[in-house]
Amino acid sequence: MSAPLLEISGLSARLRRPPHSPLLRSVSLTVAAGEVHGLVGESGAGKSTIGKAILDILPDAIELCGGTIRFAGEDLTTMPAARLRKLLGTEIALIPQDPMTALNPSRQVGSQLTDGLRLRRGLKGAALKQKAIELLRDVQIADPERVLALYPHEISGGMRQRILIAAAFSLDPKLIIADEPTTALDVTVQKEVLRMIRNMQKIHGTGVVFVTHDLGVVAQVCDRLTVLYGGMVVEQGETAAILASPSHGYTRALIDATPRHDRAGTGMQPIPAGIVADLKAQLSRYGFGPSGHV
Amino acid sequence: MRVPFLAVLPWRSLLLAMVTLFGVAVVSFVLLRVVPGDPIAMMISPGASPEDIMRLRASYGLDRSIPVQFVIWLGHAVTGDFGTSISMRQDVMHLIAGRLPATTELTLLALVIALVLGIGTAVLSTLSRRKLVGAAIENGNGILLAVPDFVWALTFVVLFGVAWQILPISGRIDPRISTDFATNFVLFEGLLRLRPAVVGDVLAHMIMPAFALALPLAAVIMRVLKGALEAEGQQDYALLAKIRGRSKLRITLQETLRNALVPTLALTGVQFTFMFGGTVIVERIFSYPGIGNLAIDAVINRDLPLIQGLILVFGLIFILINLAVEASFAMLNPRLRHG
Ligand SMILES: Nc1ncnc2c1ncn2[C@@H]1O[C@H](COP(=O)(O)OP(=O)(O)O)[C@@H](O)[C@H]1O
Ligand SMILES: [Mg+2]
């Protein structure tokens, strides 16, 4: 078997300043080409930190302190900066969480959509515009020419997210990090956007790291998943298998805490305190305190 | 898709401004007349009889009650007549109008210096990877924030006026240089008429007071802008731009700077109004013939009409600056421009 598209092994991260609180504790996961890999866990579990580490956009306050991130066999963490800059944006792209802040309020959406094509492919003029229109058609925007000239505040959240999806796919990357791409959207828009990401991913054969705290979403889009708690991998495997019979109590609690449309009336269940206590005990066996939450 | 200029003008603020100005007029008028200090006493000769004093007082209307005085004053003020200066025996508006250009040029030059220094250092420290540069700028900024304008003024006088004697320490222009100018905007008119000798001499006179006024403002601009640039740099759009392969220089100059300037500008406006307050003492130190210096003369002489006129002019300047800030928001922020 050839090298997986993405192979994270033993990745650890911590706060740069004392007391160096750990944020990721030896996380390992692999994503095959064309696979959608879910990263699940409650807020603060370290999901975004993993995504940002892959994309080299960790905030200054956080540093990696061990492990490797191999992309098609090459370690991103030790790669020369110039090579990394070439890979990011072309081979690896991001669909961000909040479409309200992911577009620059003072630039027209068209120019932001085509940044990659201009900077990386050298496209310009009529060819660029033509390509931009095609991209927007792909994400089912009906009047692309008008939309290209608008500013972000002039379009809806769902429309913005579609533009960001189009931008992420514009250079046909091999891997896309989707960080809670539907969390900030209305429920009605969420489904549509999810379906869109799934479709485009299939057409392009893109591998996706899909960050979410919503197991309902995971069931819809992810082939495999990794469950995180406090920066630590709790469970990993095929989505269907894990959702059917979770082997870890925390995963089961997460499943029970997810509102399900097919089990009307049951509502959400809080995560039982005992399970969280177990996990905390497990964390302290590693010599860590739980990091900044719960 | 341009919106007509009138729609951009903040009419509501304009109305509010008029009310504010009226309030300032009332309060200052009453305060000036209840605090001790008799303007007539400052102008009479020692041998004047009580009748002379009474006549003089009546001629300036000072024998009436305060409300009556105010109504009379207001009636004239709305027609642009602010009375006659008691100490200088000249029309108040005429006096102020003659001095205002000097202060306008000085503060605008100081503003330009502050913006260039403030924005420049903020961008530089954001872009610099070297710890040393960042630390140097940070410490320099701390000092600039702590030292007030008049201390800079005195320091400059000692350094460049006394120790090195490379810059003139008083006045606005060398009297030997003839200016047959139409306005009192000597610097602007000198630039327009391409008169390097005039421009050079005026700048030499202005450079020290302008820097004294500019440095504290530059420090504030730098502090606010740097924070805003850092915050903008962590916004998703800036992270995306980085992933898309834009350099930090381009991201800063073309993406984040413009957004970071919006909060900075608001604060610069407020601080710029403080700078007009600063002109009072800095102009005095350099004997610079502006309205700040005039204000001190007016207070020393208990020159009520002149003080009253100056207070209103300062108030009006504050209001105009705030309106200008609001208008420039509309230019920087597409949400306001198209919304
Ligand atoms: N800029 C930052 N500075 C310091 N700590 C941070 C920063 N961003 C995130 N963290 C910490 O890192 C941990 C993981 O955060 P994150 O990866 O964003 O979680 P998730 O995406 O799973 O909600 C949290 O405990 C959070 O407090
Ligand atoms: Mg997150």
Side-chain angles (χ1 to χ4, degrees), chain A residues 48 51-52 54-61 81-82 84-109 111-121 149-154 160 163-164 167-168 170-171 173 176-177 179-181 184, chain B residues 1-3 8 119 125-131 133-135 138 225-266 328-339:
Chain A
S48 296
K52 286 180 175 168
I54 298 169
L55 293 160
D56 189 34
I57 50 170
L58 283 174
D60 288 338
L84 184 62
R85 256 189 76 185
K86 241 187 183 149
L87 269 184
L88 294 178
T90 56
E91 304 274 288
I92 309 177
L94 168 70
I95 301 174
Q97 170 164 3
D98 185 357
M100 310 306 270
T101 61
L103 288 167
N104 186 337
S106 45
R107 289 177 67 203
Q108 291 173 328
V109 294
S111 87
Q112 303 193 57
L113 169 69
T114 54
D115 268 346
L117 292 166
R118 253 182 299 117
L119 295 168
R120 297 303 180 68
R121 296 282 148 83
L150 298 178
Y151 283 87
H153 68 275
E154 295 172 307
R160 285 185 221 193
I163 286 164
L164 289 161
S170 66
L171 297 184
I176 285 183
I177 316 295
D179 189 350
E180 311 230 18
Chain B
M1 235 180 27
R2 285 243 154 220
V3 175
V8 176
I119 296 176
S125 84
T126 304
L127 290 178
S128 90
R129 283 175 206 288
R130 300 225 207 107
K131 279 229 158 77
V133 177
E138 198 57 31
L225 182 58
K226 184 164 181 250
L229 275 174
E230 260 163 32
E232 289 293 326
Q234 280 305 314
Q235 293 277 319
D236 285 348
Y237 75 83
L239 296 178
L240 270 174
K242 186 185 169 205
I243 294 168
R244 286 179 194 141
R246 309 199 89 191
S247 67
K248 191 156 185 186
L249 181 71
R250 275 177 186 277
I251 294 173
T252 305
L253 294 184
Q254 298 178 353
E255 308 242 359
T256 55
L257 182 59
R258 187 177 176 146
N259 298 323
L261 274 175
V262 175
T264 311
L265 204 74
S328 49
F329 272 170
M331 274 164 40
L332 275 172
N333 190 340
R335 249 165 301 197
L336 293 179
R337 206 185 323 145
H338 298 282

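The chains referred to below are lettered A, B, ... by the order of the sequence lines, with proteins before strands, and numbering in each begins at 1. Since this is a predicted model, take the numbers as computed values, not measurements.
- The most heavy-atom pairs under 4.5 Å with chain B, out of Ala93(A), Gly116(A), Pro99(A), Pro59(A), come from Pro59(A).
- The shortest non-hydrogen separation linking Ser247(B) to Arg85(A) is N-NH2, 4.0 Å.
- Heavy atoms of Ala167(A) lying under 4.5 Å from chain B belong exclusively to its side chain.
- Here the side chain of Arg244(B) pairs no donor or acceptor atom with the backbone of Gly89(A) at under 3.5 angstrom.
- In this structure, CZ on Arg258(B) lies 10.5 Å from CZ on Arg107(A), to the nearest 0.5 angstrom.
- Chain B forms more heavy-atom pairs under 4.5 Å with one residue of Asp115(A), Asp98(A), Leu87(A) than with any other, namely Asp115(A).
- Minimum interatomic distance between Asp56(A) and Lys242(B) (heavy atoms only, all atoms of both residues): O-NZ, 2.7 Å.
- Annotation for Leu103(A) and Tyr237(B): closest pair C-CB, 3.7 Å, computed over non-hydrogen atoms.
- Contacts between Leu239(B) and chain A at a heavy-atom distance below 4.5 Å involve backbone atoms as well as side-chain atoms.
- For the pair Asp236(B) and Pro96(A), the tightest heavy-atom approach, listed with the atom from each and the gap, is OD2-CB, 4.1 Å.
- Of the two parts of Leu84(A), neither the backbone nor the side chain holds a non-hydrogen atom closer than 4.5 Å to a non-hydrogen atom of chain B.
- In terms of heavy-atom proximity, Leu94(A) sits nearest to Leu240(B) at O-CD2, 3.7 Å.
- With chain A as the partner, the residue from Gln254(B), Glu232(B), Arg246(B), Gln235(B) showing the most heavy-atom pairs under 4.5 Å is Arg246(B).
- Environment of CZ in Arg250(B): sparse, with no more than 12 heavy atoms of neighbouring residues, nucleotides or ligands closer than 6.0 Å.
- Of all the listed residues (Gln112(A), Lys52(A), Met100(A)), the one sharing the greatest number of non-hydrogen pairs under 4.5 Å with chain B is Gln112(A).
- Contacts of Glu255(B) with chain A are made by both backbone and side-chain atoms, with heavy-atom separations under 4.5 Å.
- To the nearest 0.5 Å, atom CG of residue Asp60(A) and atom CD of residue Gln234(B) are 6.5 Å apart.
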